[in-house]
S.K.: 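Got a structure for you, questions after.
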Amino acid sequence: MDVLTEGVELSHADLALLAELARGVTVDRVGRRLDISGRTVRRRLRCICDRIGVATAIEAVAWAARRQLI
């Protein structure tokens, strides 16, 4: 199931990735926890940022936190 906010759809996997980053977990460790490579985490982050219209992963985490998604 996906979450639709302001016309932007994020999957639960996307939100889980942002939640891990919000806890201060490194990209490589997030990848290990989610059983994907660090490179895949970075690519997914770039896609999330593009979808929600922000420039950085920190902004993406803040965007999700302000909307109480994480």
Side-chain angles (χ1 to χ4, degrees):
M1 186 181 291
D2 293 338
V3 177
L4 185 63
T5 303
E6 299 174 9
V8 177
E9 197 169 319
L10 294 178
S11 69
H12 288 289
D14 293 338
L15 294 175
L17 190 152
L18 292 175
E20 289 291 320
L21 291 175
R23 289 186 196 97
V25 179
T26 66
V27 169
D28 290 328
R29 190 162 292 193
V30 169
R32 279 187 248 128
R33 286 184 182 183
L34 299 177
D35 200 30
I36 57 179
S37 72
R39 185 176 179 152
T40 300
V41 171
R42 287 179 189 87
R43 189 182 75 239
R44 285 180 52 191
L45 273 172
R46 183 74 259 144
C47 290
I48 292 168
C49 289
D50 290 346
R51 266 187 272 153
I52 63 177
V54 299
T56 67
I58 293 170
E59 290 176 310
V61 168
W63 182 92
R66 278 195 305 269
R67 288 155 182 81
Q68 299 178 342
L69 299 173
I70 57 172

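Since this is a predicted model, take the numbers as computed values, not measurements.
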S.K.: Measure the CG-CG distance between Asp14 and Leu45 for me, rounded to the nearest 0.5 Å.
M.R.: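 The CG atom of Asp14 sits 9.0 Å away from the CG atom of Leu45.
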S.K.: Restricting to non-hydrogen atoms, name the atom on Cys49 and the atom on Ala57 that form the minimum distance, rounded to 0.1 Å.
M.R.: SG-N, 3.9 Å
S.K.: Counting only heavy atoms not in Arg39 (residues, nucleotides, ligands), do more than 12 fall under 6.0 Å from its CZ?
M.R.: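 Result for CZ/Arg39: open.
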S.K.: Applying salt bridge (Lys or Arg N to Asp or Glu O under 4.0 Å), name anything that partners Arg66, two or more places apart in sequence or on another chain.
M.R.: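 Partners of Arg66 under the salt bridge (Lys or Arg N to Asp or Glu O under 4.0 Å) test: none.
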S.K.: Could you tell me whether the side chain of Val41 reaches within less than 4.5 Å of the side chain of Glu20, counting heavy atoms only?
M.R.: no
S.K.: Are more than 12 heavy atoms, taken from residues, nucleotides or ligands other than Arg29, located less than 6.0 Å from that residue's CZ atom?
M.R.: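 No, not enclosed.
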S.K.: Considering non-hydrogen atoms only, spot the tightest contact between Ile70 and Ala22 and give its length.
M.R.: CD1-CB, 3.8 Å
S.K.: Can you measure from CZ (Arg44) to CG (Leu34) and round to the nearest 0.5 angstrom?
M.R.: 6.5 Å
S.K.: Taking salt bridge (Lys or Arg N to Asp or Glu O under 4.0 Å) as the definition, give me every residue that meets it alongside Arg32, ordered by chain and number, with sequence neighbours left out.
M.R.: none
S.K.: Okay, side chain of Arg46, backbone of Arg42: is any donor-acceptor separation there less than 3.5 Å?
M.R.: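 Pair absent, no side-chain N/O of Arg46 close to backbone of Arg42.
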S.K.: When you compare the side chain of Val27 with that of Leu21, does any pair of heavy atoms fall below 4.5 Å?
M.R.: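 Of all side-chain heavy-atom pairs linking Val27 with Leu21, at least one is under 4.5 Å.
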S.K.: Hey, does the side chain of Asp50 reach the backbone of Cys47 with a donor-acceptor pair shorter than 3.5 angstrom?
M.R.: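 Pair absent, no side-chain N/O of Asp50 close to backbone of Cys47.
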S.K.: Can you tell me how far the OG atom of Ser11 sits from the CD1 atom of Ile48, to the nearest 0.5 Å?
M.R.: 7.0 Å
S.K.: Does a side-chain heavy-atom distance below 4.5 Å link Leu18 with Leu69?
M.R.: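 The answer is no; the side chains never approach within 4.5 Å.
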S.K.: Could you grab the distance from atom CD1 of Ile36 to atom CZ of Arg43, nearest 0.5 Å is fine?
M.R.: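 If we round to the nearest 0.5 Å, Ile36:CD1 and Arg43:CZ are 8.0 Å apart.
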